[in-house]
Amino acid sequence: MAEPPILLSAEGISKSFLGFRALESVDLHIRAGEVHALLGENGAGKSTLIKVLTGVHQPDSGTTRLNGEQISVRDAQQAQKLGIGTVYQEVNLLPNLSVAENLYIGRQPMRFCLINRREMEKNARALLAQYDIHIDVAADLASYSVAVQQLIAIARAVDISGNILILDEPTASLDRHEVEVLFTVIRRLKARGLGIVFITHFLDQVYAVSDRVTVLRNGKLAGTSLCADLPKLDLVSLMLGRTMAEATHGSRRQETGPVHREISFKGFGLGRSVAPFDLEIGRGEVVGVAGLLGSGRTETAKLLFGIDIADSGTASIDGKPVKIGSPRDAIKLGFGLCPEDRKTDGIIGDLSVRENIALALQARRGWFNRMRQSEQRALADRFVKALDIRTSDIEKPVKFLSGGNQQKVILARWLATEPRFLILDEPTRGIDVGAHAEIIQLINRLCGDGMALLVISSEIEEIVAYSTRVRVLRDREHQGELTGASIDTGTIMRTIAADSARIEA
Amino acid sequence: MSRMLMAGLTRAAPQLICLAVILLLNWLAFPGFFDMRIQDGRIFGSVVDVLNRGAPVVILAVGMTAVIASKGVDLSVGAVMAMAGAVAATMTVAGYPLLVVLLAALGTGVLCGLWNGLLVGFFDLQPIVATLILMVAGRGIAQLITEGTIVTFIDPGLIFFGTGSFFWIPMPVILAVLVTAMAVLLVRRTALGLLIESLGVNRSASSYAGVNSRLLLLLIYAFCGLCAALAGIIVSADIRGADANNAGLWLELDAILAVVIGGTSLLGGRFSIVMSVLGAIIIQAMNTGILISGFPPEYNLILKAGVIIMILLAQSLSRTGFLHVLRPAPTQTAEAKVKRA
């Protein structure tokens with residue numbers, strides 16, 4: 001079979017920021033009618049490469065050719081004119097406008113100097129019909145699920161550009177069924193001859209939909225290959241630059257006799273948020289929390305940490321009753337929480353890595369007991385090293401770090417307070433394989449050091465790998481606890497799914 | 001140490017250049033601008049005048065900086081000035097001792113600030129709306145205190161705060177310097193600076209990290225109220241009377257402008273009190289310059305607006321223009337660009 005023609009080719013692309021080499025002589029060839037997966041750990045340079053292709057950043061060196069002709073993309077607008085459309089992870093649409101308005105904003109069909117609404121909605125319906133989406137295009141975008149919004153964003157990008165489509169982690173916030181719908185659309189676009197770049201962290205999805213894969217590592221090209229020629233194990237090694245065995249070897253902890261569980265919650269609950277539950281946890285234990293989105297997992301974490309205040313039940317430590325009325329109360333008791341939503345509840349984007357790490361400790365010490373700069377720097381340096389946080393400088397604003405490194409900064413913030421009980425809500429969401437493995441190793445290490453951990457995760461294999469006990473939630477209730485040998489993927493799945501045919505919905 | 005100083009000077013370059021240009025223009029328009037002489041135990045001259053006249057806005061800007069850094073804004077400072085002035089004047093006329101008068105006037109400011117902080121921190125009102133309430137009501141309260149008249153006084157103790165001097169230096173300048181120095185020490189020698197910036201960038205994440213954001217907001221607005229009250233006392237002592245309608249009128253806007261010229265973003269976060277003070281001095285240098293250069297007063301406001309636009313444009317260019325090449329664009333702007341395209 002002849003190789004399809006190359007649509008877009010980038011050769012020898014290099015880009016540095018303030019002396020930090022984000023990309024070093026990277027090549028990427030996108031062929032018509034092909035889905036090209038772009039993989040790499042966080043900070044490997046995927047986003048930078050995409051931003052160079054779409055004109056957000058200008059490369060320091062290298063050439064870009066479109067259909068053999070050399071181009072230099074100055075900005076995102078020009079990229080679209082050239083036919084390069086991008087859909088970002090967070091949907092970039094306006095939720096308060098209608099679906100049709102979102103599709104045609106800035107290029108609405110006009111009649112007598114007024115927007116021809118009927119024409120616009122007719123076009124919108126026809127456009128979406130190509131994707132098998134039949135919805136009311138006059139309704140507000142916000143009334144549809146994230147998946148539909150994502151498809152609308154894709155429809156818009158394809159309609160405007162229609163040559164190359166770049167999908168930056170489009171599946172991050174979709175459930176399994178929605179991912180299937182998205183893949184159907186991708187396959188259809190592929191058949192139309194578009195070149196599609198697909199960035200994801202999910203390896204299964206790479207094999208499900210991609211023809212070719214390019215792996216970046218530390219800003220350099222680690223390899224390019226047809227998916228069919230590259231077994232999954234080799235792909236992972238390519239991404240990590242090391243073998244699989246050491247990366248994900250799960251060390252399942254065995255329960256060692258009766259443990260003293262000093263932290264205890266009895267009948268803790270809050271109205272419609274979470275039904276009352278009991279929870280005991282002690283040193284060196286990892287309690288995994290499994291359940292679907294909206295099953296009350298995050299609500300449980302918020303309750304334990306005093307963000308929401310329980311309206312029933314009591315908490316006690318070493319048998320002494322304690323009050324948890326605010327995060328500050330919880331922190332005083334030696335609790336910590338890495339929240340699910342890193343951006344809104346976790347990082348302080350404009351502040352430096354150093355300040356982000358020092359924040360919780362400083363807040364606990366009080367207003368007038370300031371940590372000296374040198375002390376903050378020493379603290380930050382220690383954790384940057386211990387957690388392998390990749391940043392060129394501890395004074396860099398944390399918003400410029402990749403997702404996995406931001407997560408590590410938040411972890412460092414809590415570890416600096418030397419907590420006795422650490423709650424991690426989806427600590428591995430949206431981060432790459434390498435950081436993923438590191439965070440799992442860290443969980444095991446902390447637990448070994450005698451910390452009590454409660455870890456919430458959607459990835460059941462992950463929970464099985466590190467938990468001493470597993471809590472399963474369904475419909476805002478704690479359904480039960482699995483211990484010892486009963487902790488396995490099948491049992492957890494069955495407990496989650498019991499009497500719930502709604503997973504597919 | 002000298003490297004830190006150099007870094008500070010580099011950061012302040014646009015503002016310093018701007019101030020130098022304005023002073024130069026003032027000197028060209030009025031050759032006696034830099035002249036100074038000592039008379040009646042006080043230093044006189046246009047430059048001193050700039051600092052003296054600018055003192056109330058400097059003090060307002062110090063408080064406003066903290067508020068804006070916390071992602072808020074305080075529109076009520078002008079009205080609080082009027083209230084504090086009214087309290088000081090009426091109590092002086094009623095014969096209370098100076099110390100009581102001062103404490104009462106400053107206490108009025110703190111109380112107003114606590115009210116604003118309560119609305120913003122505990123009832124989660126938007127700062128612009130929350131402080132608008134007192135901006136409107138405050139002048140009414142001030143009028144009630146003065147019973148609708150301009151209350152004048154002749155108490156030399158109170159007047160000293162407006163026109164007196166200490167070691168040849170006018171009292172308002174001394175007060176402004178003291179307030180600035182104390183505020184800088186307070187935010188940089190304690191953890192307050194870091195916590196305010198953190199709160200301003202991301203209140204939710206700060207609360208998760210254990211920052212007592214409600215109490216901190218209460219304190220910030222109370223401090224801003226205190227500054228406004230002090231500015232009110234100075235203005236009132238200067239004119240030897242309390243004018244509920246005109247004291248501090250529109251000064252909240254000058255204070256906000258000073259903070260913005262100083263480079264603190266209205267979106268909260270990183271702040272510098274010293275830079276805000278520099279901003280306030282720039283505004284006053286401009287005001288004085290326009291007055292002494294003999295332009296018809298009708299042009300004052302328009303000229304001022306023009307100059308301010310240029311300052312802000314220069315700042316915006318220096319941030320996004322030539323620094324753009326060095327720095328990766330924040331993702332948000334990048335995404336916004338894509339959306340617009």
Side-chain angles (χ1 to χ4, degrees), chain A residues 17-18 22 47-48 51 54-58 75-81 86 88 90 92-94 106 160 305 307 326-328 330-332 337 339 341-351 355-356 358-360 362-371 376 397 399-400 410 413-414 417, chain B residues 1 4 7 69-71 122 185-220 223 264-265 267-271 323-341:
Chain A
F17 297 111
L18 296 171
S47 314
T48 313
K51 284 181 180 164
T54 54
V56 177
H57 294 326
Q58 303 304 316
D75 54 32
Q77 203 148 1
Q78 198 201 357
Q80 286 199 331
K81 271 198 203 117
T86 313
Y88 289 96
E90 282 100 21
N92 266 312
L93 297 172
L94 305 166
I160 295 177
F305 196 63
I307 291 160
S326 70
R328 277 179 313 117
I331 290 166
K332 262 184 225 142
L337 168 70
D341 195 332
R342 223 169 20 231
K343 244 185 208 153
T344 60
D345 302 326
I347 60 164
I348 317 283
D350 287 340
L351 297 195
E355 288 164 315
N356 269 280
L359 185 63
Q362 177 65 74
R364 193 176 66 181
R365 282 211 195 167
W367 293 354
F368 298 104
N369 189 2
R370 171 171 166 271
M371 291 173 72
Q376 292 184 17
K399 65 180 173 192
F400 294 134
I410 300 170
R413 175 191 294 167
W414 290 116
T417 67
Chain B
M1 197 62 213
M4 267 176 69
S70 76
K71 208 174 187 170
F122 287 78
L185 281 181
L186 192 65
V187 296
R188 295 303 170 202
R189 292 286 149 196
T190 69
L192 286 169
L194 170 65
L195 298 182
I196 291 171
E197 284 178 350
S198 155
L199 173 71
V201 176
N202 189 338
R203 182 171 168 188
S204 166
S206 302
S207 296
Y208 272 59
V211 178
N212 193 346
S213 53
R214 289 164 189 264
L215 198 61
L216 196 55
L217 280 170
L218 205 61
L219 180 91
I220 291 168
F223 175 66
T264 300
S265 162
L267 296 174
R270 295 283 188 214
F271 70 92
L323 291 180
H324 181 70
V325 198
L326 300 173
R327 231 172 259 164
T331 38
Q332 229 183 353
T333 5
E335 282 168 12
K337 257 189 222 158
V338 172
K339 187 155 65 185
R340 246 183 288 131

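In this text, all values refer to a predicted model and were calculated from it rather than measured experimentally. In what follows, chains are A, B, ... by sequence order, proteins preceding strands, each numbered from 1.
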Quiz item: Quick one: what part of B:Arg214 sits under 4.5 Å from any heavy atom of chain A, side chain, backbone, both or neither?
Solution: neither
Quiz item: Does the side chain of A:Leu351 reach to within under 4.5 Å of the side chain of B:Asn202, using non-hydrogen atoms?
Solution: no
Quiz item: Looking only at heavy atoms, which two atoms of A:Arg370 and B:Ala191 are closest? And how far apart?
Solution: CB-N, 3.7 Å
Quiz item: chain A heavy atoms under 4.5 Å from B:Ser198: which part of the residue, side chain, backbone, both or neither?
Solution: both
Quiz item: In Å and rounded to the nearest 0.5 Å, what is the CG to OG distance from A:Asp350 to B:Ser265?
Solution: 8.0 Å
Quiz item: B:Leu215 versus chain A, heavy atoms under 4.5 Å apart: side chain, backbone, both or neither?
Solution: both
Exercise. Enter the distance from B:Ser204:OG to A:Lys343:NZ here, rounded to the nearest 0.5 Å.
Key: 14.5 Å
Quiz item: Is chain B contacted by the side chain of A:Arg413, its backbone, both, or neither, given a heavy-atom distance below 4.5 Å?
Solution: side chain
Practice problem: Could you check which of B:Ser207, B:Gly269, B:Gly210 has the highest count of heavy-atom pairs closer than 4.5 Å to chain A? | Solution: B:Gly210
Quiz item: What part of B:Leu216 lies closer than 4.5 angstrom to a heavy atom of chain A: side chain, backbone, both or neither?
Solution: both
Quiz prompt | A:Trp367: partners by ring-ring contact (aromatic ring centres under 6.0 Å, His included), with sequence neighbours left out | solution = none
Exercise. State, yes or no, whether a side-chain contact exists between A:Leu359 and B:Leu195 at a heavy-atom distance under 4.5 Å.
Key: yes
Exercise. Report the residues that fulfil salt bridge (charged side-chain N to carboxylate O under 4.0 Å, His left out) with A:Glu355, sequence neighbours left out, ordered by chain and then residue number.
Key: B:Arg270
Quiz prompt | For B:Tyr208 against A:Pro339, the heavy-atom pair lying closest together | solution = CE2-CB, 3.6 Å
Quiz prompt | Most contacts with chain A, counted as non-hydrogen pairs under 4.5 angstrom, among B:Thr190, B:Leu194, B:Leu192 | solution = B:Thr190
Self-check item: Options A:Thr344, A:Leu337, A:Ile331, ranked by heavy-atom pairs under 4.5 Å with chain B, top entry
Solution: A:Thr344
Quiz prompt | More than 12 heavy atoms of other groups within 6.0 Å of B:Arg188 CZ | solution = yes
Quiz prompt | Contacting region of A:Ile410 [heavy-atom separation from chain B under 4.5 Å] | solution = neither
